[in-house]
Visitor: 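Mind having a look at this structure? Questions to follow.
All values below come from the heavy atoms of this structure, side chains included, with hydrogens, waters and symmetry mates left out.
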Amino acid sequence: MNNDFTPPQQRAAWKRLQSLADQSLPHLRELLADPAGQRQASLQLEVAGLQLDASRQQVTPEVLQALLELAAESRVLEQAQAQRQGLPVNATENRAVLHMALRGADMPDAPWGAEISDAVRQELDRFLDAAERIRDGRWRGHRGQRISNVINIGIGGSDLGPRMAVQALDAQASHEVRVHFVSNPDCWALHSLLRWCKPDSTLFIVQSKTFTTQETLTLANSAQRWLADHGLQTPEQQAQHLIAVTASPAVSAAQGYAPANTFGFWDWVGGRYSVWSAIGLPLAIAIGAEAFRAFLAGGHAMDRHFWEAPPEHNMPLRLALLGVWNRNFLDCPTHLIAAYASRLFHFARFLQQLDMESNGKSTHVDGSPVEIGTGPIVWGGLGIEGQHAYFQLLHQGQHRVPVDFIGVRSEDCPLPLAAEHHRVALLNLEAQAQALALGRDAAATEAELRASGLDEARVAELLPHRTFRGNVPNSTLWLAELTPHTLGAMVALYEHKVFCQAAIWGIHAYDQWGVELGKTMARQIEQQQLNAVSPAPN
């Protein structure tokens with residue numbers, strides 16, 4: 001129990017924010033009517049190739065100041081330092097949370113200590129060496145063929161992070177080795193891949209922290225059966241076609257995975273934060289060791305900013321505070337991620353796990369029940385596609401949905417008309433962000449309808465249907481370009497955002513007992529089914 005804990009709603013800054021929210025806040029039309037551009041300048045931050053424009057958030061200087069006071073009163077950055085030092089901030093499991101060490105192992109005098117940094121460097125060198133051998137053809141299958149297809153088997157953090165990053169960095173991907181992902185134990189998910197692959201040139205990466213995950217082992221057993229059915233029957237014959245990534249190497253070894261082809265990580269790496277570890281092996285195979293190190297460097301650059309920047313210029317903290325304002329004071333229970341780069345197709349799904357598995361909690365750190373809103377429902381995908389699906393609800397529906405628009409400034413696609421494609425994509429991003437913020441009032445709508453030549457009766461009839469309330473808070477996160485470095489920085493940005501919000505709400509971000517309950521129930525039901533088929537002898 002944490003006897004020093006004060007519920008967020010009892011903090012002075014929280015009460016100040018509630019008072020501000022209860023007043024008549026200016027509409028975004030009024031807030032954005034700033035001919036000098038001072039608002040936009042004051043609500044922009046740039047770090048590590050990223051630019052955050054929060055000028056379309058419904059915040060005033062008074063709100064921003066109160067949010068910073070809330071962060072100070074909640075000791076957010078103090079808690080960040082405790083995490084950085086390796087203290088057991090995952091209190092319900094009594095674990096440290098040090099995924100930052102995975103991307104900061106070369107940091108001089110690292111606060112987590114030389115022993116952890118040395119272990120991280122050693123394992124990083126091991127799995128990056130394996131990635132390079134797979135990429136350049138030195139890693140051969142049992143019958144001597146080079147590997148042309150790598151199939152990653154894993155679920156949750158063992159799938160979402162690597163899958164997202166491989167898709168996002170497709171421009172840097174190898175042309176010799178194709179990386180695929182399968183997470184769903186439904187038989188067609190695996191079969192749909194295997195029917196296009198040849199066993200002699202296929203390598204499976206089986207990823208599981210405990211190496212007991214039922215979905216993963218079901219898929220892995222089927223993959224091994226497929227190898228056996230094609231003449232690779234013994235453990236020795238299958239060894240070069242199977243890699244294990246796990247924090248439980250003894251368990252994977254007992255299942256026949258060769259220690260030389262097993263790569264590890266540690267219990268202080270949470271699944272949804274594990275893409276920086278050997279779980280990122282599929283990414284390293286796709287983009288190569290040098291680019292993977294750039295991905296780590298981008299994450300570390302954001303770490304350093306988060307640890308060192310003052311609160312008023314701290315990008316992860318700014319993103320978190322805006323989210324708290326929208327969730328708790330503007331009563332917005334969901335949050336949309338709208339990416340305008342097709343390579344970020346999987347980014348919203350990745351953030352769903354990162355955010356909702358972390359902050360989907362209803363118990364404070366002291367064990368008391370939460371009486372405020374915590375983690376929002378995170379959803380979304382590609383913004384262009386959403387415009388022709390659910391954006392209608394954003395503009396005129398009954399829900400007020402804050403949006404993070406994500407755009408890439410430059411485009412390096414070799415398609416001859418790539419510049420025009422990119423112009424259209426970014427034009428739509430800017431238009432939707434502005435339209436959601438400003439809407440269109442009755443006077444402007446009426447003038448437009450009359451200008452189109454409609455009679456007064458028709459104008460009156462259409463007016464309520466063609467008016468948009470606007471005032472939808474949204475931010476735009478710009479990447480200068482989509483590279484391993486900027487992707488790493490963006491992932492770390494959202495990781496720290498989630499941490500800051502948990503610190504403010506007074507919840508534990510790093511356990512996931514709801515997920516564990518589902519696993520436990522599945523095992524219990526399976527045992528009941530087995531008992532029903534094979535009753536105990538009299």
Visitor: Any donor and acceptor pair, going by atom type alone, linking the side chain of K209 with main-chain N or O of S248 inside 3.5 Å?
Guide: no
Visitor: Are R103 and E495 within salt-bridge range, i.e. N to O under 4.0 Å?
Guide: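 Yes, charged N to carboxylate O under 4.0 Å.
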Visitor: If we ignore angles and hydrogens, is there a donor and acceptor under 3.5 Å between the side chains of Q83 and Y510?
Guide: yes
Visitor: Go through it in stages, so that I can follow the logic: the residues are I507 and T363, the test is side chain to side chain contact (heavy atoms under 4.5 Å, CB included), and I'd like the CA-CA distance, side-chain angles, deciding distance and then a yes or no.
Guide: CA-CA 6 Å; I507 57 177; T363 305; over 6 Å; no
Visitor: A side-chain contact here means heavy atoms from C-beta on lying under 4.5 Å apart; do P282 and F181 qualify?
Guide: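 Counting from C-beta outward, P282 and F181 do come under 4.5 Å.
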Visitor: Kindly say whether P249 contributes a backbone atom to a donor-acceptor pair with the side chain of S252 at under 3.5 angstrom?
Guide: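 Looks like yes, one N/O pair under 3.5 Å.
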Visitor: Please find the pair of heavy atoms, one from F5 and one from G506, that lie closest to each other, and give the distance.
Guide: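 So the two residues come closest at CE1-CA, 3.6 Å.
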Visitor: Could you check whether the rings of F499 and F306 sit parallel, tilted or perpendicular, using 30° and 60° as the cut-offs?
Guide: perpendicular
Visitor: Where do L479 and I406 come nearest, in terms of heavy atoms and distance?
Guide: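 Reported closest heavy-atom pair: CD1-CG2, 3.9 Å.
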Visitor: When you check the side-chain N and O atoms of Q528 and N531, is any donor under 3.5 Å from an acceptor?
Guide: no
Visitor: Looking only at side chains, do Y390 and E385 share a donor and an acceptor under 3.5 Å apart?
Guide: no
Visitor: Looking only at the side chains, is there a donor atom on one of R56 and S475 sitting less than 3.5 Å from an acceptor on the other?
Guide: no
Visitor: Test side chain to side chain donor-acceptor pair (under 3.5 Å) on H300 and D106; report intermediate values, then the result.
Guide: CA-CA 10 Å; H300 184 61; D106 293 330; over 6 Å; no
Visitor: Would you mind telling me which of L436, V472, T334 makes a side chain to side chain contact (heavy atoms under 4.5 Å, CB included) with V401?
Guide: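 Running side chain to side chain contact (heavy atoms under 4.5 Å, CB included) over L436, V472, T334 with V401 returns exactly one hit, T334.
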Visitor: Check the side chains of W513 and D511 for a donor-acceptor pair under 3.5 angstrom, ignoring hydrogens and angles.
Guide: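 Result is yes, a qualifying pair exists.
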Visitor: Give a yes or no on whether the ring-centroid distance for Y494 and F347 is below 6.0 angstrom.
Guide: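 Ring centroids of Y494 and F347 are less than 6.0 Å from each other.
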Visitor: Looking only at heavy atoms, which two atoms of A71 and L317 are closest? And how far apart?
Guide: CB-CD1, 4.0 Å
Visitor: Donor-acceptor pair, distance only, cut-off 3.5 Å: does the side chain of R95 make one with the backbone of P88?
Guide: no
Visitor: If you apply the rule salt bridge (Lys or Arg N to Asp or Glu O under 4.0 Å), what do you find for E526 with R523, and how did you get there?
Guide: CA-CA 5 Å; E526 181 179 44; R523 288 193 294 268; over 6 Å; no
Visitor: Between Q501 and S358, is there a side-chain heavy-atom distance shorter than 4.5 Å?
Guide: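 No, too far: nothing below the 4.5 Å cut-off.
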Visitor: Scan residues 56-110 for pairs that pass ring pair (Phe, Tyr, Trp, His ring centres under 6.0 Å), counting only residues two or more places apart or in two chains.
Guide: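 Counting only pairs at least two positions apart or across chains, the ring pair (Phe, Tyr, Trp, His ring centres under 6.0 Å) contacts touching residues 56-110 are H99-Y273.
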Visitor: Test: ring pair (Phe, Tyr, Trp, His ring centres under 6.0 Å). Region: residues 56-75. Which pairs qualify, not counting sequence neighbours?
Guide: none
Visitor: I'd like to know if the side chain of R318 reaches the main chain of E312, judged simply by a donor and an acceptor atom lying under 3.5 Å from each other, with no hydrogens or angles considered.
Guide: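 Judged by distance alone, yes, a pair lies under 3.5 Å.
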Visitor: With heavy-atom distances below 4.5 Å as the criterion, would you say the side chains of P376 and R327 are in contact?
Guide: yes
Visitor: Does D331 use its side chain to pair, donor to acceptor, with the backbone of N326 at less than 3.5 Å?
Guide: no
Visitor: Less than 4.5 Å apart, side chain to side chain, heavy atoms only: is that true for M490 and L477?
Guide: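 In short, these two side chains touch, coming nearer than 4.5 Å.
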Visitor: Got R293 and L128 here, is their nearest side-chain heavy-atom distance under 4.5 Å?
Guide: yes
Visitor: Less than 4.5 Å apart, side chain to side chain, heavy atoms only: is that true for W325 and L64?
Guide: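 The answer is no, as the side chains (C-beta and beyond) never meet within the 4.5 Å cut-off.
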Visitor: For the residue pair H335 and D404, confirm or rule out a side-chain donor-acceptor distance under 3.5 Å.
Guide: yes
Visitor: More than 12 heavy atoms of other residues, nucleotides or ligands under 6.0 Å from CZ of F345: yes or no?
Guide: no
Visitor: Does the side chain of E69 pick up a donor-acceptor pair with the side chain of W14 at under 3.5 Å?
Guide: no
Visitor: State, yes or no, whether a side-chain contact exists between L217 and F211 at a heavy-atom distance under 4.5 Å.
Guide: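 SC-SC contact between L217 and F211 confirmed.
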Visitor: Of all the heavy-atom pairs spanning A503 and Q79, show the shortest one and how long it is.
Guide: CB-NE2, 3.6 Å
Visitor: For residues W276 and G299, report the shortest heavy-atom separation together with the two atoms involved.
Guide: CH2-CA, 4.0 Å
Visitor: What about the rings of W478 and F405, do their centers lie closer together than 6.0 Å?
Guide: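 Not under 6.0 Å, so no.
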Visitor: Distance alone, cut at 3.5 Å: any donor-acceptor contact between the side chains of Q81 and Q85?
Guide: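 Absent: no donor and acceptor within the cut-off.
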Visitor: To the nearest 0.5 Å, how far apart are OG in S277 and CG in L296?
Guide: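 So the gap between those two atoms works out to 10.0 Å.
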Visitor: Taking atom CG of L28 and atom CG of N471, what is their separation to the nearest 0.5 Å?
Guide: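 One gets 4.5 Å once the value is rounded to the nearest 0.5 Å.
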Visitor: Answer yes if the side chains of N328 and W505 hold a donor-acceptor pair under 3.5 Å, and no otherwise.
Guide: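 Yes - a donor-acceptor pair under 3.5 Å links their side chains.
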Visitor: Identify the heavy atoms of L487 and M164 that sit nearest to each other, and give their distance.
Guide: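 Here L487 and M164 meet closest at CD1-SD, 4.0 Å.
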Visitor: Please answer whether the main-chain N or O of K15 pairs with a side-chain N or O of S19 as donor and acceptor at a distance below 3.5 Å.
Guide: no
Visitor: Please check if any side-chain donor atom of E62 sits under 3.5 Å from a side-chain acceptor atom of T60, or the reverse.
Guide: yes
Visitor: Measure centre to centre between the rings of F265 and F127, then say whether the value is under 6.0 Å.
Guide: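 So the answer is no for these two rings.
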Visitor: Should R272 and F350 count as side-chain neighbours, where that means a heavy-atom distance under 4.5 Å?
Guide: no
Visitor: Classify the side-chain pair D118/Q122 by whether it contains a donor and acceptor separated by less than 3.5 Å.
Guide: no
Visitor: Would you find a donor on one side and an acceptor on the other, under 3.5 Å apart, between the side chain of T483 and the backbone of T486?
Guide: yes
Visitor: Has E308 got more than 12 heavy atoms of other residues, nucleotides or ligands less than 6.0 Å from its CD?
Guide: yes
Visitor: So how far is it from Q65 CD to L70 CG, rounded to the nearest 0.5 Å?
Guide: 11.5 Å
Visitor: Could you check whether the rings of W268 and W266 sit parallel, tilted or perpendicular, using 30° and 60° as the cut-offs?
Guide: parallel
Visitor: Between the side chain of Q207 and the main-chain N/O of I279, is any donor-acceptor distance below 3.5 Å?
Guide: yes
Visitor: Look at atom CG of D109 and say whether more than 12 heavy atoms of other residues, nucleotides or ligands are closer to it than 6.0 Å.
Guide: no
Visitor: Keeping the roles fixed (side chain from H305, backbone from M315), state whether a donor-acceptor pair exists under 3.5 Å.
Guide: yes
Visitor: Check the side chains of Q58 and H27 for a donor-acceptor pair under 3.5 angstrom, ignoring hydrogens and angles.
Guide: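 Note: H27 and Q58 side chains miss the donor-acceptor criterion.
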Visitor: Give the intermediate values and the outcome of side chain to side chain contact (heavy atoms under 4.5 Å, CB included) for residues T246 and T210.
Guide: CA-CA 6 Å; T246 182; T210 62; over 6 Å; no
Visitor: Do R84's NZ or CZ and the ring of W112 fall within the cation-pi criteria of under 6.0 Å and 45°?
Guide: no
Visitor: Between S368 and H364, is there a donor-acceptor pair closer than 3.5 Å when you use the side chain of the first and the backbone of the second?
Guide: no
